[in-house]
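Below you'll find the structure, written out as structure tokens, and then a few comments.
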Amino acid sequence: MNISNKIQSIILKKKSNICVSLDYTKSSQILNTVELLKGLIIMIKLHCDIIEDFSETFIKKLVSLCKDNDILILEDRKFADIGNTFKHQFTGGIFKINTWCDLITIHSIAGDGPIKEFAKIKSKEQGALIIAQMSNKNNLFTAEYTANTKKIAKENIGSVAGFICQEKLSSSTNLLSFVPGVNRHTSSDTSDQKYTTPECAMEKGADVLIIGRGIINSTNMLEECNIYKEIAWK
Ligand code: 5BU
């Protein structure tokens, strides 16, 4: 099964389209939160390079927990370099992202080079999300850049599973829309993040909602996650 089909089948099975962004610095926080929310979410998003105690033992535990509970792992590495450097960043260093991720994020600023490289080295079930729009204020994305990014995605269906975006960008079931910057309580953070509500993101055609602090900073994560899940499912 390709990754787009797998995502859709998990969404239907778990009646959820929630990806929780686990922007924690300690591996135990990640494992504990997945354990708590495992029935409500379909995906977790990581920034592996902010985890202070990243280790092989941790990632093995995480992969096994996620596999047992139909949770996909998205590494939000935002690759943006030439194909050859991408290859080393994806497969090498201390993270060896290719050995544990289901999905990665890639910028299209370098053109289709990194995507083409990814297609060569990825496993059959891995996919890339291409960043077509961002949520924060003052970003440099333009309509033309987004249109060119859509073109790269269409030409690389199979390795590209969808977009990181703020609205639905394709009617193809092979190119899903993943929307970050979702929060039901606030419209911004103390930095540059801009939030939309879960209702608004769904109205604009999101397939998957990516929610970080809206859930992980809540005093009752389970309840809060369930509220997002129910709003989006409705
Ligand atoms: P938050 O806590 O819900 O604000 O976290 C949002 C996450 O999504 C965080 O990990 C960001 O790096 C990520 N993100 C984003 O917020 N906006 C974007 O346009 C992209 C990624 Br691309």
Side-chain angles (χ1 to χ4, degrees), residues 17-27 29-30 33-34 37 40-52 54 62 72-81 95 97 101 103-110 114-115 127-143 145-146 148-150 152-153 160-169 175-202 204-219 221 224-225 227-229 231-232:
N17 68 340
I18 304 299
C19 167
V20 64
S21 185
L22 298 172
D23 297 339
Y24 290 119
T25 54
K26 300 269 186 291
S27 61
Q29 297 171 306
I30 295 175
T33 302
V34 178
L37 302 180
L40 302 175
I41 57 175
I42 58 145
M43 192 175 292
I44 58 170
K45 186 174 83 61
L46 300 181
H47 288 291
C48 64
D49 55 359
I50 68 171
I51 306 169
E52 289 163 5
F54 185 93
L62 185 67
L72 297 168
I73 304 178
L74 164 59
E75 166 49 40
D76 191 8
R77 173 61 180 76
K78 298 187 179 71
F79 295 100
D81 215 315
F95 300 115
I97 294 167
C101 75
L103 290 151
I104 54 167
T105 53
I106 301 189
H107 273 299
S108 52
I109 190 73
I115 306 270
L129 302 180
I130 189 160
I131 300 165
Q133 294 167 328
M134 286 188 74
S135 61
N136 64 326
K137 70 179 180 204
N138 302 334
N139 69 58
L140 299 180
F141 283 71
T142 62
Y145 183 94
T146 300
N148 289 334
T149 303
K150 273 169 69 173
I152 293 178
V160 176
F163 303 101
I164 299 284
C165 53
Q166 293 293 299
E167 65 199 331
K168 185 148 206 77
L169 293 179
L175 290 173
L176 305 176
S177 298
F178 293 71
V179 177
V182 177
N183 194 303
R184 68 187 196 97
H185 293 298
T186 179
S187 59
S188 61
D189 65 6
T190 53
S191 185
D192 60 338
Q193 180 68 299
K194 261 188 359 204
Y195 290 115
T196 186
T197 61
E199 290 89 346
C200 192
M202 291 309 295
K204 287 188 169 177
D207 293 302
V208 175
L209 299 186
I210 299 176
I211 302 153
R213 286 164 287 179
I215 292 174
I216 70 167
N217 282 357
S218 161
T219 47
M221 279 197 265
E224 194 62 19
C225 185
I227 294 173
Y228 280 101
K229 172 183 176 282
I231 291 172

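Indexing begins at 1, ligand by ligand and atom by atom, following the structure's order. Residue numbers run from 1 in the order of the sequence given. Everything quoted here is computed from the prediction, not taken from an experiment.
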Any donor-acceptor N/O pair, [X] side chain to [Y] backbone, under 3.5 Å:
| X | Y | answer |
| --- | --- | --- |
| Thr105 | Arg77 | yes |
| His47 | Asp76 | yes |
| Gln133 | Thr146 | no |

Please identify each residue that fulfils side chain to side chain contact (heavy atoms under 4.5 Å, CB included) with Asp192, with sequence neighbours left out.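 Per chain and number, Asp192 pairs via side chain to side chain contact (heavy atoms under 4.5 Å, CB included) with Asn136, Lys137.
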Kindly tell me which protein residues have any non-hydrogen atom under 4.0 angstrom away from an atom of ligand 1, grouped by chain and ordered by number?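 Around ligand 1, where the cutoff is 4.0 Å for heavy atoms, the contacting residues are Ser21, Asp23, Lys45, His47, Asp76, Lys78, Ile131, Met134, Ser135, Ile164, Pro180, Gln193, Tyr195, Gly212, Arg213.
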Filter on salt bridge (charged side-chain N to carboxylate O under 4.0 Å, His left out), then keep only pairs touching residues 175-189, sequence neighbours left out; what's left?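 Those involving residues 175-189 are Arg184-Glu224, Asp189-Arg213.
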Taking only residues two or more places apart in sequence or in another chain, which ones pass ring-ring contact (aromatic ring centres under 6.0 Å, His included) with Tyr228?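 With neighbours one apart ignored, the set is empty.
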